[in-house]
Engineer: 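Questions regarding the structure given below will be posed in turn.
A note on names: the letters A, B, ... follow the listed sequences, proteins ahead of strands, and every chain is numbered from 1. Just so it is clear, the values below take in all heavy atoms, side chains as well, and ignore hydrogens, waters and symmetry mates.
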Amino acid sequence: MSFYTLTRFDSLHENCFRWVHRSGLPVYVLPKKHSSTYALFGTHFGSIDRCFRLDGEETPVELPDGVAHFLEHKMFEDENGVDAFTRFAKTGASANAYTGYGRTCYLFSCTSAFEQNLEILLDFVTHPYFSAETVRKEQGIIGEEIDMGEDNPNRTVFRNLLDALYVDHPVRRSIVGTRETIARITPELLYRCTDAFYNLRNMELVVCGDVTPEQVQAVCDRVLTEVAPARTVERVFPPEPDTVRTERVDAWMEVAQNLVEIGFKARPQTDPVRAMRVSAANEITVQLLFGRSGEFYNRLYERGLVTDRFGANYGQVRNFAYTEIDAVSDRPDELLREVCAEVDRRRDTYFPVEDFEIARREAYANNLYSFDSTDETANSFMDFLMNGVDYLRYSELLPTVGYEEAWDIFRETVRTDRCAMSVVHPKAERKEKEA
Amino acid sequence: MDPIRRMICPGVGLHTVQTDKFKSSQLTVNLFVPLRKETASAYSLLTDVLTRGTERYPTMRDLHRRRDELYSLGLGAYVHKIGESQVVTFALLGLDDAYAFDGMHILEEGMELLGQVVFHPATEGGVFRASYVEQEKRNLANDIRARIDDKTSYAYRRCLELMCAGEPYAVDHEGDLDELEKLDAKTLWDAYRTLLAEARVELFYVGSKSDGEVFDLCRKYLPFAPREADFPPTGSGRAPEVPRVVTERMDVTQSKLNLGFRTSCRLSAGDYGKLVLFNELFGASPNSRLFLNVREKQSLCYYCSSGSDGGLKGLLVVHSGIERKNRQKAVDAILAQLDDLRAGHITDGELETARRSLRDSYREISDSPSALSSWYLRRMTAGVTDSPEDVLARLDDVTVADVVSVANDLRLDTVYCLEGTEKEENA
């Protein structure tokens with residue numbers, strides 16, 4: 001008997017090997033005949049995990065903003081001051097890492113020495129080392145990164161939208177934190193986080209490329225020799241109402257035109273299978289309402305209310321979900337009125353069945369495109385894994401979403417009484433007004 | 001994975017890479033014209049107007065709807081710069097026919113649509129529709145103004161613009177506001193006819209179809225007439241005796257420091273590999289001198305890296321994000337790393353690390369249709385045809401002495417700094 005389960009997705013021409021390594025780590029191998037192999041090692045720990053109880057402790061640990069991201073940076077350094085990048089340099093692989101609201105991922109991409117690279121990845125992420133001195137140095141580096149983010153208007157307009165939509169949910173807070181919050185980070189705090197969240201049972205390994213499950217298993221056996229202890233981590237989240245915190249947030253920056261984001265807060269789905277259907281249905285409906293071939297976008301474009309910088313999508317990250325529209329527009333209030341009128345109209349008058357079928361076909365195709373690179377395949381797979389969903393199953397399911405089902409889900413997830421808008425205006429605009 | 005190359009007619013070439021690696025197929029149509037201030041804005045605007053509507057699909061909505069029917073066919077047009085060529089590219093990205101659940105021939109239908117966009121635009125009175133032209137002018141003007149939104153790329157553009165002032169390279173390939181203002185439906189139509197008739201045309205296909213099939217489809221749907229057109233040449237400039245120093249201010253938190261250099265190394269020469277290796281070692285990778293020393297060890301920059309223009313014009317730019325008060329220290333630190341390389345302080349291990357990192361990035365090219373396309377197109381303009389594997393093989397011959405010679409050949413031309421305001425000053 002083999003150690004893995006093989007699932008074939010014939011309509012997609014894709015296969016997936018999966019198993020749980022004896023250390024406790026869930027492993028997924030997606031074979032693909034490319035030159036490059038891509039490996040992603042992730043933990044269910046992101047910026048929203050800022051309050052938790054480990055093994056039933058009475059007082060929960062409260063983290064200042066930016067810890068998950070800070071930890072990601074520090075993870076690369078070992079007790080001898082050697083940077084994991086230096087180790088990857090010897091193999092030629094390119095390595096990186098990123099932190100999101102609900103996860104932290106470490107990755108490499110290589111065209112040779114796959115086993116050696118995987119060994120480095122598994123090794124450095126499972127061997128945290130923090131000292132007062134290295135933490136202090138990192139505070140300076142990340143401080144600069146925070147400053148740079150403040151100059152990025154696209155990031156600001158999105159962050160302000162989340163800040164408007166949510167009342168108490170930690171997604172309101174910055175992923176990287178501020179200079180003040182990261183100043184409160186200590187080695188002890190970081191070790192508490194690795195104890196809780198860098199436990200192999202709370203992590204996922206996804207490999208996509210021209211490799212076999214046996215190759216991956218052999219490296220896991222070599223590096224992950226200890227069985228991860230079973231620990232209970234209870235994440236504490238404040239209750240979040242369905243309503244938005246505020247309907248409007250404005251900011252003024254060095255931009256040429258107004259950047260606009262309009263969001264609809266949705267109730268997150270707790271059942272993974274249901275979450276998958278809701279995502280699929282929304283992916284189709286969002287295209288119908290706001291897609292390039294829709295009546296709505298074209299009417300507004302002709303009127304000059306929007307430009308080709310216009311997009312809409314639905315997203316769920318663990319325990320928050322929203323539909324978001326981003327645009328560039330010199331008349332944000334008019335745009336908001338149009339968007340809300342369209343959403344209200346579609347509650348009673350949905351689309352012709354033919355239009356629905358074309359949108360469904362479009363969603364199906366867009367998903368298939370993502371299988372063209374090992375990088376996108378692995379990242380999409382990890383995205384869904386973080387919500388407990390199988391991306392390959394999702395891709396197969398997309399063409400089966402029903403018309404009535406999609407309409408019902410739309411009425412449930414996109415509601416104008418849970419809507420907010422964020423605008424970043426050109427600085428010059430404010431100066432004119434004041435003058 | 002080497003492409004098959006053939007001419008469709010004089011001045012119109014086709015590359016085909018047949019592979020079953022992807023679920024999609026990609027075809028790009030690339031029109032090469034000299035980069036000039038008088039024509040750049042028109043060609044840039046054309047890409048927007050041509051994708052507004054065609055004879056058969058006259059509105060943007062008709063066009064998008066047709067694309068959706070064709071399994072979310074990607075069909076875009078944009079301009080970019082290769083050396084001193086402005087390249088107008090139409091890109092088609094379609095799902096492979098094997099994944100159509102109704103037996104549709106996606107590539108063929110897609111090429112029919114692409115042919116519509118390139119050869120049969122929506123017109124009125126024999127020229128472009130005035131309403132489309134006016135609206136796209138406004139949108140493009142807004143996009144040009146919006147470049148300040150991204151400070152990193154804005155500073156990089158400014159540095160190149162100042163450095164190559166008076167040379168075609170300084171012309172913005174996306175257009176400028178003054179030239180854009182002069183255009184109307186008639187003048188744009190004339191530019192369109194000139195472009196179709198006179199540009200050097202290169203088509204590049206990656207997908208499951210054979211060279212013969214693609215050739216036939218191109219002849220049927222993309223009827224370019226024969227032309228006498230070669231790739232526009234790219235000239236060489238000289239660095240001034242004393243490097244130019246330019247400072248501009250903006251209300252941002254982080255300052256952007258750019259150092260522009262010139263080199264005599266060219267892609268067309270057999271020893272181009274030494275520039276690539278030098279760049280990798282100096283600033284192009286996370287194991288480079290600039291990253292390890294200026295960013296990590298000295299903490300003078302949040303990011304600090306170098307990039308070359310691919311050996312066409314012979315430019316190499318170091319870009320970094322800094323605190324304003326560290327400006328001089330950062331300039332000194334970057335130049336100190338260069339001096340160290342000039343003095344030959346390079347270990348074999350360092351060189352090997354750079355080689356390995358390049359090996360990986362070159363091998364990854366075959367995994368991406370767009371990387372393949374841009375690899376060969378750049379080379380064609382310089383008259384070379386070598387594959388990533390060919391270049392890799394030659395990298396093994398590059399020595400420490402070669403890298404030192406590139407370092408010594410580098411001339412600092414321009415120091416450009418987009419200065420922010422310090423926190424204290426805001427308070």
Engineer: Measure A/Asp372 against the heavy atoms of chain B and call it side chain, backbone, both or neither at under 4.5 Å.
Structural biologist: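 It is both, since atoms from each part get that close.
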
Engineer: Please state whether the side chain, the backbone, both or neither of A/Lys90 comes within less than 4.5 Å of a heavy atom of chain B.
Structural biologist: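 Its backbone and side chain both get close to chain B.
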
Engineer: Quick check for you: among B/Arg147, B/Met250, B/Arg138, B/Arg355, which has the greatest number of heavy-atom pairs under 4.5 Å with chain A?
Structural biologist: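 Top option by heavy-atom pairs under 4.5 Å: B/Met250.
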
Engineer: Which region of B/Ser24, side chain (C-beta onward) or backbone (N, CA, C, O), has a non-hydrogen atom less than 4.5 Å from a non-hydrogen atom of chain A, or is it both or neither?
Structural biologist: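 Looking at B/Ser24, backbone and side chain both touch chain A.
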
Engineer: How far does OG of A/Ser112 sit from CZ of B/Arg359, to the nearest 0.5 angstrom?
Structural biologist: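 Nearest 0.5 Å value for the OG-CZ distance: 7.5 Å.
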
Engineer: Identify which of B/Thr353, B/Asp62, B/Leu358 forms the greatest number of heavy-atom pairs closer than 4.5 Å to chain A.
Structural biologist: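 Of B/Thr353, B/Asp62, B/Leu358, B/Thr353 has the most heavy-atom pairs under 4.5 Å with chain A.
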
Engineer: I'd like to know which of A/Val328, A/Ile142, A/Leu12 tops the heavy-atom pair count under 4.5 Å against chain B.
Structural biologist: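 When all of A/Val328, A/Ile142, A/Leu12 are compared, A/Leu12 has the most.
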
Engineer: Tell me, out of A/Asp83, A/Thr86, A/Asp330, A/Thr91, who's got the most heavy-atom pairs with chain B below 4.5 Å.
Structural biologist: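 Option with the greatest count: A/Thr91.
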
Engineer: Give me the atom names and distance for the closest heavy-atom approach of B/Lys151 to A/Glu254.
Structural biologist: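 That closest heavy-atom pairing would be NZ-O, 2.9 Å.
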
Engineer: Rounded to the nearest 0.5 Å, what's the gap from CG on B/Asp143 to CG on A/Asp308? Could you check?
Structural biologist: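 With rounding to 0.5 Å, CG (B/Asp143) is 6.0 Å from CG (A/Asp308).
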
Engineer: Using non-hydrogen atoms only, which part of B/Ile322 is less than 4.5 Å away from chain A: side chain, backbone, both, or neither?
Structural biologist: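 Contact with chain A is through the backbone of B/Ile322 alone.
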
Engineer: Would you compute the distance between atom CZ of B/Arg295 and atom CD1 of A/Ile141 and round it to the nearest 0.5 angstrom?
Structural biologist: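 Nearest 0.5 Å value for the CZ-CD1 distance: 6.0 Å.
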
Engineer: Indicate every side-chain donor-acceptor pair of residues 92-99 of chain B with a distance under 3.5 Å to a residue at least two apart or in another chain.
Structural biologist:
residue: B/Asp96; atom: OD1; partner: B/Ser208; partner atom: OG; Å: 2.6
residue: B/Asp96; atom: OD2; partner: B/Ala98; partner atom: N; Å: 3.1
residue: B/Asp97; atom: OD1; partner: B/Ile106; partner atom: N; Å: 2.8
residue: B/Asp97; atom: OD1; partner: B/Leu107; partner atom: N; Å: 3.4
residue: B/Asp97; atom: OD2; partner: B/Lys209; partner atom: NZ; Å: 2.9
residue: B/Tyr99; atom: OH; partner: A/His13; partner atom: ND1; Å: 3.3

Engineer: Verify the neighbour count for atom NZ of B/Lys21: are there more than 12 heavy atoms of other residues, nucleotides or ligands below 6.0 Å?
Structural biologist: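 Result for NZ/B/Lys21: enclosed.
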
Engineer: Between A/Asn152, A/Asn154, A/Thr374, A/Asp355, which has the largest tally of heavy atom pairs under 4.5 Å with chain B?
Structural biologist: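 Of the options given, most contacts go to A/Asp355.
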
Engineer: Between A/Gly140, A/Ala359, A/Ser109, which shows the greatest number of heavy-atom pairs under 4.5 Å with chain B?
Structural biologist: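 Top option by heavy-atom pairs under 4.5 Å: A/Ser109.
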
Engineer: Considering all heavy atoms of both residues, which atom of A/Val255 and which atom of B/Ile148 are nearest to each other, and what is their separation?
Structural biologist: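 Residues A/Val255 and B/Ile148, closest heavy atoms: C-CD1, 4.1 Å.
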
Engineer: Could you tell me the separation between the CG atom of A/Asn298 and the CZ atom of B/Arg61, rounded to the nearest 0.5 Å?
Structural biologist: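 Output value for this atom pair is 6.5 Å.
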
Engineer: Just give me the residue among B/Asp367, B/Asp48, B/Asn287 that pairs up with chain A most often, heavy atom to heavy atom, under 4.5 Å.
Structural biologist: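 Looking at each option in turn, the highest pair count goes to B/Asp367.
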
Engineer: Just give me the residue among A/Pro399, A/Gly291, A/Gly294 that pairs up with chain B most often, heavy atom to heavy atom, under 4.5 Å.
Structural biologist: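 Heavy-atom pair counts peak at A/Gly294.
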
Engineer: Where on B/Glu296 is there a heavy atom nearer than 4.5 Å to chain A: the side chain, the backbone, both, or neither?
Structural biologist: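 For B/Glu296, backbone and side chain are both near chain A.
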
Engineer: With a 4.5 Å heavy-atom cut-off (strictly below), which parts of residues 67-76 of chain B touch chain A? List them by number.
Structural biologist: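 So the qualifying residues are B/Asp68, B/Glu69, B/Tyr71, B/Ser72, B/Leu73, B/Gly74.
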
Engineer: Between B/Asn139 and A/Tyr301, is there a side-chain heavy-atom distance shorter than 4.5 Å?
Structural biologist: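 Of all side-chain heavy-atom pairs linking B/Asn139 with A/Tyr301, at least one is under 4.5 Å.
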
Engineer: So for A/Glu295, is it side chain, backbone, both, or neither that comes closer than 4.5 Å to the heavy atoms of chain B?
Structural biologist: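 Contact with chain B involves both backbone and side-chain atoms of A/Glu295.
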
Engineer: Quick one: salt bridge (Lys or Arg N to Asp or Glu O under 4.0 Å) partners of B/Arg356, sequence neighbours excluded?
Structural biologist: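 In terms of salt bridge (Lys or Arg N to Asp or Glu O under 4.0 Å), with neighbours along the sequence ignored, B/Arg356 is linked to no residue.
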
Engineer: Under 4.5 Å heavy-atom distance to chain B, tell me which part of A/Asp375 shows up: side chain, backbone, both or neither.
Structural biologist: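 Neither part.
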
Engineer: Starting at NZ of B/Lys23, measure out to OG of A/Ser370 and round the result to the nearest 0.5 Å.
Structural biologist: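 Separation between the atoms: 9.0 Å.
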
Engineer: Can A/Glu302 and B/Arg52 be counted as an ion pair, charged N to O under 4.0 angstrom?
Structural biologist: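 Salt bridge flag = yes for B/Arg52 with A/Glu302.
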
Engineer: So which part of B/Gln26 gets closer than 4.5 Å to some heavy atom of chain A, the side chain, the backbone, both or neither?
Structural biologist: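 For B/Gln26, there is no contact with chain A at all, as no heavy atom is under 4.5 Å.
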
Engineer: Above 12 or not: heavy atoms from other molecules or residues under 6.0 Å from CG of B/Asp348?
Structural biologist: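 Atom CG in B/Asp348 is not crowded, with 12 or fewer foreign heavy atoms closer than 6.0 Å.
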
Engineer: By salt bridge (Lys or Arg N to Asp or Glu O under 4.0 Å), which residues pair with B/Lys256, not counting sequence neighbours?
Structural biologist: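 For B/Lys256, no residue satisfies salt bridge (Lys or Arg N to Asp or Glu O under 4.0 Å) once neighbours in sequence are set aside.
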
Engineer: Heavy atoms only: give me the nearest A/Cys110-B/Glu364 pair and the separation to one decimal.
Structural biologist: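 Where A/Cys110 meets B/Glu364 most closely, the heavy atoms are N-OE2, 4.1 Å.
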
Engineer: Could you measure the distance from the CZ atom of B/Phe22 to the NE2 atom of A/His34? Nearest 0.5 Å is fine.
Structural biologist: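 Separation between the atoms: 4.5 Å.
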
Engineer: Is it the backbone or the side chain of B/Tyr303 that comes under 4.5 Å from a heavy atom of chain A, or both, or neither?
Structural biologist: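 Side chain only.
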
Engineer: Parallel, tilted or perpendicular, judged at 30° and 60°: which one describes the rings of B/Phe101 and A/Tyr364?
Structural biologist: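 Tilted, since the angle between the ring planes falls between 30° and 60°.
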
